[in-house]
There are 2 protein chains.
Amino acid sequence: MVTIRDVAKLANVSTATVSATLNRSAPVSPELQARVRRAVEELGYAPDGVARSLKTGTTALLGLLVPDITNPFFTQLVRVVEAAAQRAGYAVLLCDSDEDPAKELTYLRLMRTHRVAGLVWCPVGEPGPEGPNARTLAGLPIVMVDRAAPGVAADLVVIDNRRAGYLATAHLLELGHRRIGAVAGPPHLLPAAERLRGFTDALRERGLDPDAAPVGQGAFREAEAYASCRELLGSEPRPTALFVANNHMLIGVMRAIADLGLACPADISVAAIDDFPWANAFNPRLTTVRQPVAAIGESALRLLLARIAGHAGAPVRETLACELIVRNSCAPIAGG
Amino acid sequence: MVTIRDVAKLANVSTATVSATLNRSAPVSPELQARVRRAVEELGYAPDGVARSLKTGTTALLGLLVPDITNPFFTQLVRVVEAAAQRAGYAVLLCDSDEDPAKELTYLRLMRTHRVAGLVWCPVGEPGPEGPNARTLAGLPIVMVDRAAPGVAADLVVIDNRRAGYLATAHLLELGHRRIGAVAGPPHLLPAAERLRGFTDALRERGLDPDAAPVGQGAFREAEAYASCRELLGSEPRPTALFVANNHMLIGVMRAIADLGLACPADISVAAIDDFPWANAFNPRLTTVRQPVAAIGESALRLLLARIAGHAGAPVRETLACELIVRNSCAPIAGG
DNA sequence: AGTCCGACTCTAATCGTTTAGTGCAGGATT
DNA sequence: AATCCTGCACTAAACGATTAGAGTCGGACT
């Protein structure tokens with residue numbers, strides 16, 4: 001390893017001068033600057049970020065902790081955060097908690113060990129037996145995204161999930177559907193609960209009884225949704241439309257519909273939350289509520305960088321709007 | 001920040017004893033161990049990974065550099081590598097070069113600065129004006145995945161792309177198709193070239209002239225494939241089947257087919273390389289060649305960990321087999 | 001009794017930077 | 001002429017861990 005000392009020796013200056021030259025942190029005469037740069041070039045010297053971090057107490061590292069990177073929402077978020085972090089001069093330490101509270105805690109510790117400058121965190125909803133205690137998180141700038149960890153006071157960026165649920169359901173109602181089933185997420189997760197609330201809001205607004213609506217609840221996963229959907233579509237009278245609470249579940253639902261020999265949207269209309277790159281290539285093209293992932297990521301990073309820069313004050317909650325993308329998976333009700 | 005000194009003071013021992021206790025690196029009497037652990041608990045001490053890294057010269061960090069994280073292949077790879085790294089006690093520093101050689105070089109430097117213990121690297125094929133020179137990479141254990149960087153001697157894990165192209169094409173040929181178009185990737189990328197070679201292999205094997213086959217080449221992207229596909233399907237006589245070289249391109253192709261008012265597989269059969277989670281939920285379900293992403297990731301990490309452990313020797317090249325997944329996007333040729 | 005050994009424990013150097021504090025030379029100011 | 005800046009450059013002390021190497025203290029052996 002070639003160190004700053006080697007450079008200093010070759011350039012016949014002190015290490016302080018090398019450091020000052022490279023970081024422009026103090027004035028250095030043009031002549032010495034030239035000598036230093038020549039030596040750096042000759043030796044192929046690159047400063048050791050670890051040593052620098054130890055001395056300065058900061059790293060150019062941002063943590064990003066997501067519960068499931070295969071979910072396109074988080075995939076896109078990773079991309080956006082990574083790009084924004086790069087622009088701000090940070091690299092990203094990516095961890096996937098896999099929806100597992102124990103792994104999550106391990107990773108939170110790891111973030112601290114690696115001294116990340118800040119953390120973008122999409123918490124697993126369910127706190128484990130010994131949830132992330134305040135001490136693990138103390139002093140670390142954090143922005144939570146999509147979900148809120150219970151008992152953690154940090155900035156939060158979410159979409160208006162209730163409205164998202166409302167938008168999708170209202171669309172189905174406008175097309176004349178009255179018997180609408182819901183494939184909902186796990187009740188303990190904020191987004192799932194809120195989306196379902198939006199669903200019932202819409203029903204109630206049209207004078208329908210939400211309690212009479214067939215609702216299946218389960219994890220935000222394909223298998224659960226598949227089972228849930230088959231059950232819903234087996235009930236009598238069969239729903240004419242389905243509200244689906246997230247992208248993974250939508251896959252399960254579409255599979256179930258196909259396996260039951262039904263056609264979408266002819267036999268059953270489907271509207272879901274979470275747009276994703278392939279939604280527009282499906283047959284039928286899927287009507288979804290799109291989350292502004294780019295805006296979410298940008299907001300999160302903006303808030304986080306402000307906190308890193310020392311911005312104090314009470315935790316901020318930013319709620320972003322989402323948008324209904326009408327495609328072809330919802331049809332007016334037959335004979336409606 | 002609470003340091004090892006604070007713990008030592010509270011436990012009334014030396015820092016060496018604290019370190020020995022925590023790392024089990026030297027025998028410590030039960031009594032002192034207890035005192036140390038109590039102090040650690042009381043203070044909520046967590047060792048500083050940065051300081052440790054500086055002293056030991058190693059980090060528990062693995063770099064992962066991919067060209068496009070929105071590509072499901074790389075998304076899955078990220079997941080697999082992240083999980084495997086976690087099992088091996090490493091965290092992952094994720095960077096997305098965005099298919100940009102300049103960004104790639106920046107990130108390679110960053111990996112060195114952060115002193116990653118090793119690097120899993122899916123290179124951008126095209127070397128920039130001043131490609132990643134040997135010095136930037138010197139001494140860093142590297143495993144390349146999917147693509148080979150020109151001029152870099154490092155282990156390489158790839159699939160048998162030629163056979164993948166062959167498998168998909170042979171399937172179409174067996175269904176009776178004779179006029180088969182190819183939506184191929186950029187010729188300078190190894191996987192793209194090899195896959196196209198497998199395509200021509202299959203044609204030749206059946207006595208067809210590969211030069212007569214309509215081939216569109218472009219970046220591994222949706223837009224390019226969309227345009228390419230429209231052109232191919234506009235030619236006379238229209239191909240009855242399409243070979244598509246990657247997942248992004250497949251999306252473009254399916255969109256183009258839909259926009260042209262054609263039905264798949266009734267009017268046109270499609271077989272593609274790269275399976276992805278949604279392929280089975282499309283309508284029609286997509287026939288693809290699946291890459292063993294899990295095996296690829298595991299192999300890459302196995303090789304990398306061996307190199308980190310000091311394993312010397314010439315670069316290894318591992319070629320993994322892939323598998324044709326027959327679904328519903330290919331039909332026997334009408335009247336065939 | 002004297003020596004040696006094993007089992008702990010401690011002191012202090014070290015990793016590669018950054019940076020406060022000090023020194024120094026030469027020109028401007030009184 | 002003495003003093004004071006000002007602008008560079010240097011020395012040396014951190015940062016928080018790990019780890020040689022040295023010291024200590026009983027008990028076992030000769």
Side-chain angles (χ1 to χ4, degrees), chain A residues 1-37 39-40 43-61 89 109-117 139-140, chain B residues 1-37 39-40 43-61 89 109-117 139-140:
Chain A
M1 168 130 212
V2 34
T3 76
I4 201 171
R5 261 182 257 275
D6 302 320
V7 176
K9 194 175 298 174
L10 181 59
N12 204 23
V13 298
S14 74
T15 60
T17 302
V18 177
S19 179
T21 302
L22 263 28
N23 301 324
R24 293 165 169 64
S25 55
V28 175
S29 70
E31 195 207 320
L32 291 207
Q33 284 205 24
R35 291 225 302 268
V36 167
R37 294 201 190 286
V40 166
L43 297 172
Y45 168 74
D48 181 339
V50 171
R52 174 192 307 213
S53 290
L54 176 59
K55 178 61 187 172
T56 62
T58 68
T59 60
L61 233 47
R109 293 225 177 91
L110 186 115
M111 296 289 179
R112 218 170 82 106
T113 292
H114 282 285
R115 284 215 175 187
V116 296
L140 178 61
Chain B
M1 168 130 209
V2 33
T3 75
I4 200 171
R5 263 181 256 275
D6 302 321
V7 177
K9 195 176 297 174
L10 181 61
N12 204 24
V13 298
S14 73
T15 60
T17 302
V18 177
S19 178
T21 303
L22 263 29
N23 301 323
R24 294 165 168 66
S25 54
V28 176
S29 69
E31 195 206 325
L32 291 208
Q33 285 206 24
R35 290 225 304 271
V36 167
R37 294 199 191 288
V40 165
L43 297 172
Y45 168 76
D48 181 337
V50 171
R52 187 207 304 262
S53 290
L54 176 60
K55 178 62 186 169
T56 62
T58 67
T59 59
L61 232 47
R109 293 225 177 89
L110 186 117
M111 296 289 179
R112 217 171 84 107
T113 293
H114 282 285
R115 281 212 177 192
V116 295
L140 178 62

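As a basis for the values below, the full set of heavy atoms in this structure was taken, side chains included, without hydrogen atoms, waters or symmetry mates. Please read all numbers here as calculations on a predicted model, not as lab measurements. Naming convention: chains lettered A, B, ... in sequence-line order (proteins, then strands); numbering from 1 in each chain.
- Side-chain nitrogen and oxygen atoms of A:Thr17 include at least one within less than 4.0 Å of the OP1 or OP2 phosphate oxygen of D:dC10.
- Every side chain to side chain contact (heavy atoms under 4.5 Å, CB included) that A:Leu10 has, sequence neighbours left out, goes to A:Ala39, A:Glu42, A:Leu43.
- Each of D:dA17, C:dT9, C:dG16 was ranked by its minimum atom distance to the side chain of B:Leu32; first place goes to C:dT9.
- Listed candidates were D:dA9, C:dT17, D:dG16. Nearest to the side chain of B:Lys55 is D:dG16.
- Relative to the side chain of B:Thr3, the nucleotides D:dC10, D:dA17, C:dT17 differ in distance, and D:dA17 lies closest.
- Side chain of A:Arg5, nearest nucleotide from D:dA17, C:dG16, C:dC8: C:dG16.
- Among A:Val36, A:Leu22, A:Val40, A:Val18, the single residue meeting the side chain to side chain contact (heavy atoms under 4.5 Å, CB included) criterion with A:Ile4 is A:Val18.
- Here the nucleotide nearest the side chain of B:Ala16, chosen from D:dA17, D:dA9, D:dT19, is D:dT19.
- Checked against side-chain hydrogen bond (donor to acceptor under 3.5 Å, both in side chains), A:Arg115 has the following partners two or more places apart in sequence or in another chain: B:Asp48.
- For the pair B:Ala20 and B:Ala51, nearest-nucleotide mapping onto DNA chain D gives the more 5' position to B:Ala51.
- For C:dT17, the OP1/OP2 oxygens have no side-chain nitrogen or oxygen of A:Ser19 closer than 4.0 Å.
- For the pair B:Glu31 CD and C:dC8 C1', the interatomic distance rounds to 12 Å; values are reported in whole Å.
- The side chain of B:Thr15 has D:dT19 as its nearest neighbour among D:dC10, D:dT19, C:dT18.
- Panel note: side chain B:Ser19, backbone B:Thr15; no donor-acceptor pair is recorded below 3.5 Å.
- Of the listed nucleotides (C:dC10, D:dC10, C:dT18), C:dT18 has the atom at the smallest distance from the side chain of A:Asn23.
- One can place CG of B:Leu22 at 13 Å from P of D:dT19, the figure rounded to the nearest angstrom.
- Side-chain proximity of A:Leu54 to D:dA12, D:dC15, D:dC10: nearest is D:dC15.
- The side chain of A:Asp48 has C:dT17 as its nearest neighbour among D:dA9, D:dC10, C:dT17.
- The main-chain N or O of B:Thr21 is never found under 3.5 Å from a side-chain atom of B:Gln33 such that the two would form a donor-acceptor pair.
- Between D:dA17 and B:Ser53, no contact under 4.0 Å exists linking OP1 or OP2 to a side-chain N or O.
- The residue among B:Thr56 and B:Ser14 whose nearest nucleotide of DNA chain C lies closer to the 5′ end is B:Ser14.
- Listed candidates were C:dT18, D:dA17, C:dT17. Nearest to the side chain of B:Pro47 is D:dA17.
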